[in-house]
Number of protein chains: 2
Amino acid sequence: MSKAPPPKPTDSELEILHVLWQHGPATVRAINDSLSQRRQAEVGYTTTLKILQLMLEKGLVRRDDADRSHVYRAAVREQETQGLLLDKFVDAAFGGSALKLVMQALGSRQTSADELAQIRRLLNDIEIQNSTPNPDEDERA
Amino acid sequence: MSKAPPPKPTDSELEILHVLWQHGPATVRAINDSLSQRRQAEVGYTTTLKILQLMLEKGLVRRDDADRSHVYRAAVREQETQGLLLDKFVDAAFGGSALKLVMQALGSRQTSADELAQIRRLLNDIEIQNSTPNPDEDERA
DNA sequence: AAGGTGTTACGAAATGCTTCGTAGTTGCAA
DNA sequence: TTGCAACTACGAAGCATTTCGTAACACCTT
């Protein structure tokens with residue numbers, strides 16, 4: 001056994017993760033400034049600090065406390081975290097059907113031709129992978 | 001002005017809505033039974049009752065209390081509710097990019113050829129609508 | 001050396017969600 | 001008619017999240 005994986009981040013924690021994913025490692029001060037910009041209102045400094053401390057305990061961030069102003073960085077990857085959240089969301093809101101979710105996301109929303117093209121490319125890639133069971137990765141079998 | 005729109009349902013409320021959307025109007029007893037099946041464990045009867053009462057106040061359900069056993073039914077539509085939840089989720093988890101969400105949903109997940117075909121059809125429909133700015137609905141301009 | 005500024009740590013209040021126990025009521029059956 | 005079983009209403013506890021105030025500490029400037 002090893003440590004438990006980091007739990008699903010809350011809304012506030014996710015907002016902080018977005019800042020860290022985008023800007024890289026940062027001090028509480030810098031994170032708090034980004035957060036205050038991102039929202040309408042000013043965010044209390046100690047509020048941001050507190051959330052970061054809780055995130056540290058949960059393993060969502062790491063910190064470098066060599067300097068007086070500690071530097072925090074994300075301990076979870078953006079794609080993995082989004083995938084985790086997406087799984088839960090698909091279950092809770094769409095009864096587990098990712099297809100329904102995709103249809104809803106594409107259907108009730110303005111989607112540009114460029115984006116549609118990207119999705120088509122992805123669809124092609126998926127179909128190729130489905131038909132040719134990737135000979136490269138299967139060599140370990 | 002009129003009444004405020006129903007708020008975003010919580011996880012438990014959403015679970016109850018799924019039951020109502022699927023089975024139609026039902027008594028607390030029936031809803032509670034469905035919930036107990038859906039989950040591993042037994043759900044307390046008064047727990048379900050309480051949540052339904054809160055949902056009634058929030059306008060998420062309506063009830064017919066003509067009989068002694070009140071009959072509840074969903075007051076919000078499945079698609080609309082899912083759309084609302086999806087909007088919030090896209091903002092919170094994917095920084096507002098529905099494209100990223102779709103890519104993630106399709107990329108990190110097993111998708112059948114049949115489902116891919118459905119998505120392709122939808123993509124075609126969207127492109128047609130994008131290129132021909134619906135002459136029917138624009139007659140009011 | 002002293003004071004001010006910025007930082008961390010911590011406690012705690014406010015809120016929302018979920019759960020359940022209890023009380024009161026209603027209808028039906030014996 | 002009496003009593004049991006099912007139902008509704010309500011209060012409250014437990015928990016997580018978010019927010020902030022306060023205390024303690026460190027560094028820098030004067």
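Predicted, not measured: the structure shown is a model, and the values here were computed from it. Numbers restart at 1 for each chain; the letters A, B, ... are given by sequence-line order, proteins then strands. The figures here come from the full heavy-atom set of this structure, side chains too, leaving out hydrogens, waters and symmetry mates.
- Atom CZ of R38(A) is surrounded by more than 12 heavy atoms from other residues, nucleotides or ligands within 6.0 Å.
- Separating the CG atom of L60(A) from the P atom of dT17(D) is a distance of 10 Å, rounded to the nearest angstrom.
- For the OP1/OP2 pair of dT18(D) and a distance below 4.0 Å, the side-chain nitrogens and oxygens of R39(A) include no atom meeting the criterion.
- Ring orientation note: the planes of H70(B) and Y72(B) are tilted relative to one another, at an angle of 30° to 60°.
- When heavy atoms are screened at a 4.0 angstrom cut-off, K8(B) is found touching no nucleic acid atom at all.
- The side chain of K58(A) places no N or O atom within less than 4.0 Å of a non-bridging phosphate oxygen (OP1 or OP2) of dA16(D).
- OP1 or OP2 of dT18(D) has not a single side-chain nitrogen or oxygen of T47(A) nearer than 4.0 Å.
- A straight line from CD of E13(B) to C1' of dT19(C) spans 14 Å, rounded to a whole angstrom.
- Contact annotation for S12(B): backbone-only contact, meaning every heavy-atom pair under 4.0 Å involves sugar-phosphate atoms and none involves a base.
- Within 6.0 Å of CG on D65(A) lie more than 12 heavy atoms contributed by other residues, nucleotides or ligands.
- Whole-Å rounding puts the E57(B) CD to dG11(D) C1' distance at 14 Å.
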task: With side chain to side chain contact (heavy atoms under 4.5 Å, CB included) as the test, would you mind laying out the steps for L14(B) and H18(B) before giving the verdict?
output: CA-CA 6 Å; L14(B) 190 55; H18(B) 275 303; 4.1 Å; yes

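- Rounding to the nearest 0.5 Å gives a distance of 11.5 Å between CG of L106(A) and CG of D125(B).
- Using a 4.0 Å heavy-atom distance criterion, D11(A) is classed as a sugar-phosphate-only contact.
- Atoms CE (M55(A)) and P (dT18(D)) sit 10 Å apart, rounded to a whole Å.
- The environment of K58(B) atom NZ is dense: over 12 non-hydrogen atoms of other residues, nucleotides or ligands sit within 6.0 angstrom.
- Rounding to whole angstrom units, CD1 of residue I51(A) and C1' of dT19(D) are separated by 8 Å.
- Taking atom CG of L54(A) as the reference point, atom C1' of dT18(D) lies 10 Å away to the nearest angstrom.
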Below 3.5 Å between N/O atoms, which protein atoms pair up with nucleotides 6-10 of chain D? Just atom names and distances, please.
unit_1: dA6(D); atom_1: N3; unit_2: R68(B); atom_2: NH1; d: 3.2
unit_1: dA6(D); atom_1: N3; unit_2: R68(B); atom_2: NH2; d: 3.2
unit_1: dC7(D); atom_1: OP2; unit_2: R29(B); atom_2: NE; d: 3.0
unit_1: dC7(D); atom_1: OP2; unit_2: R29(B); atom_2: NH2; d: 2.4
unit_1: dT8(D); atom_1: OP1; unit_2: H70(B); atom_2: N; d: 2.9
unit_1: dT8(D); atom_1: OP2; unit_2: Y45(B); atom_2: OH; d: 2.7
unit_1: dA9(D); atom_1: OP1; unit_2: R63(B); atom_2: NH2; d: 3.2
unit_1: dA9(D); atom_1: OP2; unit_2: Q53(B); atom_2: NE2; d: 2.8
unit_1: dA9(D); atom_1: OP2; unit_2: R63(B); atom_2: NH1; d: 3.1

field: Chi angles and distances behind the side chain to side chain contact (heavy atoms under 4.5 Å, CB included) call for L123(A), E127(A)
entry: CA-CA 6 Å; L123(A) 255 46; E127(A) 287 199 339; 5.7 Å; no

